[in-house]
A.B. asks: 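Dumping the structure here so I can ask a few things about it.
The sequence lines fix the lettering, A, B, ..., with proteins before strands; numbering per chain opens at 1.
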Amino acid sequence: MEIADRRIPYLLVTPLTAFLLALLAVPLAIDLVYSVSRVTFETLRAPRLIGLGNFVAVIQDAGFWQALWFSLKFAVAASVAQLVLGLFLAVFLAPLLKKVPWLMALLMLPMMLAPALVGLMYRLVLHEFVGVVPYYLYLYTGDSPAFLDAANAFRTLVTIEVLQWTPFALLILYSAYAGISDDVREAAAIDGAGALKILRHIDLPLMLPTIVITFFFRFIDSFRVFDNVYVLTGSGAGGSTTTISIFIYEAFFRRNDIGFAVAASLIFLALSFLVLIGLLRLGRRHA
Amino acid sequence: MKRLKSVLLALAALAAASTSSLADVTVLGWPGGPEEAGLRKAAEAYNGTAAADDKVKLIFFNREGFWDKLQADLAAGSTEFDINLLATYAIGKYAPFMEPITLPASAKDVFGEKTLTTMQYDGKQYGVPTDLSMHFMYYRKDLIEKLLTDKDWQAKYAEISEKYLGKKLTPVDPDKWTWDDWAATALFFTKAVNPESPVRYGTVLQMKNLLFNMMVFGSLPRSYGANWTDASGNVTVDSPAYRTALELYKKLYDAGATPKDSLSYEFAETNAALGSGQAATALQWNAAAADLNDATKSPAIAGKIEAVAPPAGPDGRFTHIHGLGFGLNKASTHKDSALKFLDWLATADAMEIYAKAGGSPAVSDAITAKLPERPDLAKLGAFANAYGFVMNGATSANALSVYEAQAKAFTGYWAGTLTLDAALAQAQADMTKLLK
């Protein structure tokens, strides 16, 4: 009876373990084999082992580093902007949201849309002849910039990412802000602290762990961005908006160089891991 | 007992129905356009007379990433479809996963030799060419008519052409345009160049970093003698012909003759720009013809748009052509039935039904004569035979990648992030790797 009892936990975790093995471990093992092989769609079932050649090719590929740099710039710019804007809105709208909680549901709407759909929507919105933005710019200024040319594409893409995902930052940061007891603020106010002092010395320090977590979430999401960038500009004029995900996708599907693409994704994974560990340590130190 | 019997009977009926549906031939089509409408009608007509086991059913992916998904499915040996869409520029890529077919002899009379070759690879036929794609030079009739008759406009035209192209030109009929004539016309109708222009832009160039845009662009360098490779297989993209063509696009873009956002333009954006009534010309796919002259879809320009073959260069007049068609999945489990449908699709009757419902097959005069509602089809066949070209290597396994390499390098030059020399050197190096 005791032995049978001891088996129960193992039996209970078996389905989940099998599921994870099938969906994560097996593809990872195949990826590891592909990363050290010459493999195309024609030779998916018969990859030829070539050692670390794919990793060397990726590291020597200027396009890989260019794409990585673009993704990093994009992720930092977008996540910092979302964080600052989300924090401002969380504090600024807090009294209103306390009185009208359902307003939060309305504010969440942008992030409920599929990113690819948002990309398509902005392709229309920014189009010189059918878009709302250029229409009013022409009407009132007689001119409209090229939102998606090589000079402006980065700014436009970051702005669209910020517009779609700031609600996510707002949601988390508002929850943290609302979770701070009013007694603490009242005590500070009685001691003569003004609104800015309360924000700086009470709210922000208490919200710091949440701020760090929010930044992580948004950074990870923006770092691996694919859909809306791909729909809006593709890889951009001369490859100027190639994110690391687009780079890997193109190597895999378009160049049919599967070993190279998988090696690139593994290097990307390792680098992301390092960046995240660095950021986590930084966050912990400050928290 | 009675209830049990009925349940068993129902189950048996269900099993029979599912077996019969398993015997169906599944066709994977090109979704969301006239091709889908055409295929639906054709399949409906075929199923009306086909035996139960030969009937076809249709499935459609989304257009976004269609070819990548198809590639993954074919490589995985999917049996979910028996017949799949095929395009000239992707035949080499998919040929290892498809089965060559032999069409009935009458197919030559229906399509003509040149159109059939758009579905051939390594000397073998891989599909039935149901749609032909090429480029038309669209222009505003009303504007060009005035330009051909108005003395003041002609004087301004000569002045602009001398300033930007280094030679004094006089307007000519669009059907006799050289690329210089077209460029002069585009510059004349550009507000930034000629503030008196009734429209904002002289043309709309599709300059997004996208492989299909390289097909549109390709007709220009080809007319200056360009090709991807010479007879010995050496890549020849770093050539005076490509140089001239790339410089002409850049000159027009820098002069403001095409919308500022042209570096993000493809088919849909070009149609919208032309449809707004703010552009005088555009080199665009033939598929746009019906929409541009449709009063509900393009009210600003409907009835004012005319289309001719692309302008001529020193080596002649050319238009890129490629076919869309249907071929046989090597992993198909219903090959015999699938072949019956493909044979039927290659008949005059099938193509008549397909074209009437919106498809764009390049078919013989005898068939187009029966389709008075589709005058564009007569043009399609005539242009394909007179001006159609396929670059050397453009049906190879890496053809799509070659277009992508060109798109990346050339758009870099147009955007100003690469010099012309660097762009051509980059394209030359990438193409050499891909076409070796």
Side-chain angles (χ1 to χ4, degrees), chain A residues 39-45 62-63 66 114 116-117 119-120 122-124 126-131 133-135 137-138 142-153 156-157 226-227 230-242 246-247 249-258, chain B residues 64-65 67-69 71-72 74-77 93-97 200-201 204 207-211 253 259-266 268-269 271-279 300 397-398 400-401 403-405 407-418 422-423 426 430 433-434:
Chain A
V39 56
T40 63
F41 275 99
E42 291 81 25
T43 59
L44 275 177
R45 291 184 180 87
Q66 195 186 328
L117 194 64
L120 273 176
Y122 278 101
R123 247 173 90 176
L124 281 174
L126 300 176
H127 189 279
E128 183 176 336
F129 301 99
V130 294
V133 178
Y135 173 80
L137 283 172
Y138 266 107
D143 200 9
S144 171
F147 290 99
L148 297 172
D149 73 356
N152 295 324
T156 306
L157 292 171
F226 178 84
D227 346 33
Y230 194 72
V231 170
L232 268 165
T233 57
S235 47
S240 56
T241 59
T242 308
I246 292 177
F247 177 84
Y249 170 83
E250 288 186 342
F252 194 102
F253 281 107
R254 300 288 156 81
R255 278 162 37 201
N256 197 10
D257 199 348
I258 294 174
Chain B
E64 199 66 46
W67 298 110
D68 298 335
K69 285 180 269 184
Q71 185 178 28
L74 285 172
K93 206 169 191 175
Y94 301 137
F97 315 111
R200 207 181 289 163
Y201 300 107
V204 192
M207 300 168 88
K208 184 177 180 178
N209 179 355
L210 183 74
L211 68 98
Y253 177 65
K260 289 175 202 156
D261 258 348
S262 294
L263 282 160
S264 64
Y265 274 27
E266 50 183 292
E269 284 83 357
N271 258 17
L274 206 53
S276 73
Q278 286 298 331
N398 284 328
L400 282 174
S401 303
Y403 282 120
E404 300 224 323
K408 187 174 178 186
F410 296 168
T411 55
Y413 167 61
W414 292 329
T417 58
L418 284 177
Q426 186 180 312
D430 288 345
K433 245 186 271 172
L434 292 162

A.B. asks: Excluding sequence neighbours, so at least two apart, what forms side-chain hydrogen bond (donor to acceptor under 3.5 Å, both in side chains) with A:Asn256?
C.D. replies: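 side-chain hydrogen bond (donor to acceptor under 3.5 Å, both in side chains) list for A:Asn256, sorted by chain: A:Glu42.
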A.B. asks: Less than 4.5 Å to any heavy atom of chain A: does that hold for the side chain of B:Tyr201, its backbone, both, or neither?
C.D. replies: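 For B:Tyr201, side-chain heavy atoms alone lie under 4.5 Å from chain A.
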A.B. asks: Verify the neighbour count for atom OH of A:Tyr135: are there more than 12 heavy atoms of other residues, nucleotides or ligands below 6.0 Å?
C.D. replies: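 Check fails, neighbour count at 12 or below.
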A.B. asks: Measure the CG-OG1 distance between B:Asn209 and A:Thr233 for me, rounded to the nearest 0.5 Å.
C.D. replies: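 Atom-to-atom, B:Asn209:CG and A:Thr233:OG1 are 9.0 Å apart.
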A.B. asks: Side chain, backbone, both or neither: which part of B:Ala409 has a non-hydrogen atom closer than 4.5 Å to chain A?
C.D. replies: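 For B:Ala409, there is no contact with chain A at all, as no heavy atom is under 4.5 Å.
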A.B. asks: Sort A:Tyr249 into side chain, backbone, both or neither according to what part of it lies under 4.5 angstrom from a heavy atom of chain B.
C.D. replies: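 Interface part for A:Tyr249: side chain.
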A.B. asks: Using non-hydrogen atoms and a 4.5 Å limit, figure out which bit of A:Leu124 sits close to chain B: side chain, backbone, both or neither.
C.D. replies: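 Interface part for A:Leu124: neither.
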A.B. asks: I need the minimum non-hydrogen distance between B:Ser276 and A:Phe129, along with the two atoms involved.
C.D. replies: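 Closest approach of B:Ser276 to A:Phe129, heavy atoms only: OG-CD2, 3.2 Å.
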A.B. asks: Report the distance from atom CZ of B:Arg200 to atom CD of A:Glu128, rounding to the nearest 0.5 Å.
C.D. replies: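 B:Arg200 atom CZ to A:Glu128 atom CD measures 5.0 Å (nearest 0.5 Å).
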A.B. asks: Using modelled atom types and a 3.5 Å cut-off, is there a donor and acceptor pairing between side-chain atoms of B:Asp261 and backbone atoms of A:His127?
C.D. replies: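 Not a single qualifying donor-acceptor pair exists.
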A.B. asks: Need one label for B:Ala423: side chain, backbone, both or neither, based on atoms under 4.5 Å from any heavy atom in chain A.
C.D. replies: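 For B:Ala423, neither part sits under 4.5 Å from chain A.
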A.B. asks: Does any backbone or side-chain atom of B:Thr411 lie under 4.5 Å from a heavy atom of chain A? Answer side chain, backbone, both or neither.
C.D. replies: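 When you check distances to chain A, atoms from both the backbone and side chain of B:Thr411 fall under 4.5 Å.
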A.B. asks: Would a 4.5 Å heavy-atom cut-off, applied to side chains only, mark A:Asp143 and B:Lys260 as touching?
C.D. replies: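 They are in side-chain contact.
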A.B. asks: Of the backbone (N, CA, C, O) and the side chain (C-beta and beyond), which part of B:Gln71 lies under 4.5 Å from a heavy atom of chain A, both, or neither?
C.D. replies: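 Both parts, backbone and side chain.
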A.B. asks: Non-hydrogen atoms of chain A under 4.5 Å away: do they reach the side chain of B:Pro96, the backbone, both or neither?
C.D. replies: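 Answer is side chain: those atoms of B:Pro96 sit under 4.5 Å from chain A.
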A.B. asks: What part of B:Glu266 gets within 4.5 angstrom of chain A, counting heavy atoms only: side chain, backbone, both, or neither?
C.D. replies: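 The side chain, not the backbone.
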A.B. asks: With no hydrogens and no angle check, is any side-chain donor or acceptor of A:Arg254 less than 3.5 Å from a backbone partner on B:Asp68?
C.D. replies: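 Absent.
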A.B. asks: Can you tell which part of B:Lys408 gets under 4.5 Å to a heavy atom of chain A, answering side chain, backbone, both or neither?
C.D. replies: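 Both backbone and side chain of B:Lys408 come within 4.5 Å of chain A.
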A.B. asks: Of the listed residues (A:Gly236, A:Gly239, A:Ala237), which shares the most heavy-atom pairs with chain B below a 4.5 Å separation?
C.D. replies: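 The residue among A:Gly236, A:Gly239, A:Ala237 with the greatest pair count is A:Ala237.
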A.B. asks: Considering residues at least two apart in sequence or located in another chain, which fulfil the side-chain contact (heavy atoms from CB on, under 4.5 Å) criterion with B:Ala422?
C.D. replies: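 Here the qualifying residues are B:Leu418, B:Thr419.
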A.B. asks: Which bit of A:Ser144 comes within less than 4.5 Å of chain B, counting heavy atoms only: side chain, backbone, both or neither?
C.D. replies: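 Answer is backbone: N, CA, C or O of A:Ser144 sit under 4.5 Å from chain B.
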A.B. asks: Measure the OH-CG distance between B:Tyr265 and A:Leu148 for me, rounded to the nearest 0.5 Å.
C.D. replies: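 Those atoms lie 9.5 Å apart.
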A.B. asks: By a 4.5 Å heavy-atom criterion (distance strictly below it), what part of B:Tyr403 contacts chain A: side chain, backbone, both, or neither?
C.D. replies: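 The answer is neither part of B:Tyr403.
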A.B. asks: Examine whether an atom of B:Phe97 lies under 4.5 Å from a heavy atom of chain A, and if so say whether it belongs to the side chain, the backbone or both; otherwise answer neither.
C.D. replies: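 It is the side chain, since no backbone atom gets that close.
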A.B. asks: Within the 4.5 Å heavy-atom criterion, are A:Arg123 and B:Glu269 side-chain neighbours or not?
C.D. replies: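 In contact.
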A.B. asks: When heavy-atom pairs shorter than 4.5 Å are enumerated against chain A, which of B:Gly416, B:Ala415, B:Gly277, B:Gly412 gives the highest number?
C.D. replies: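 Highest number of heavy-atom pairs under 4.5 Å: B:Gly412.
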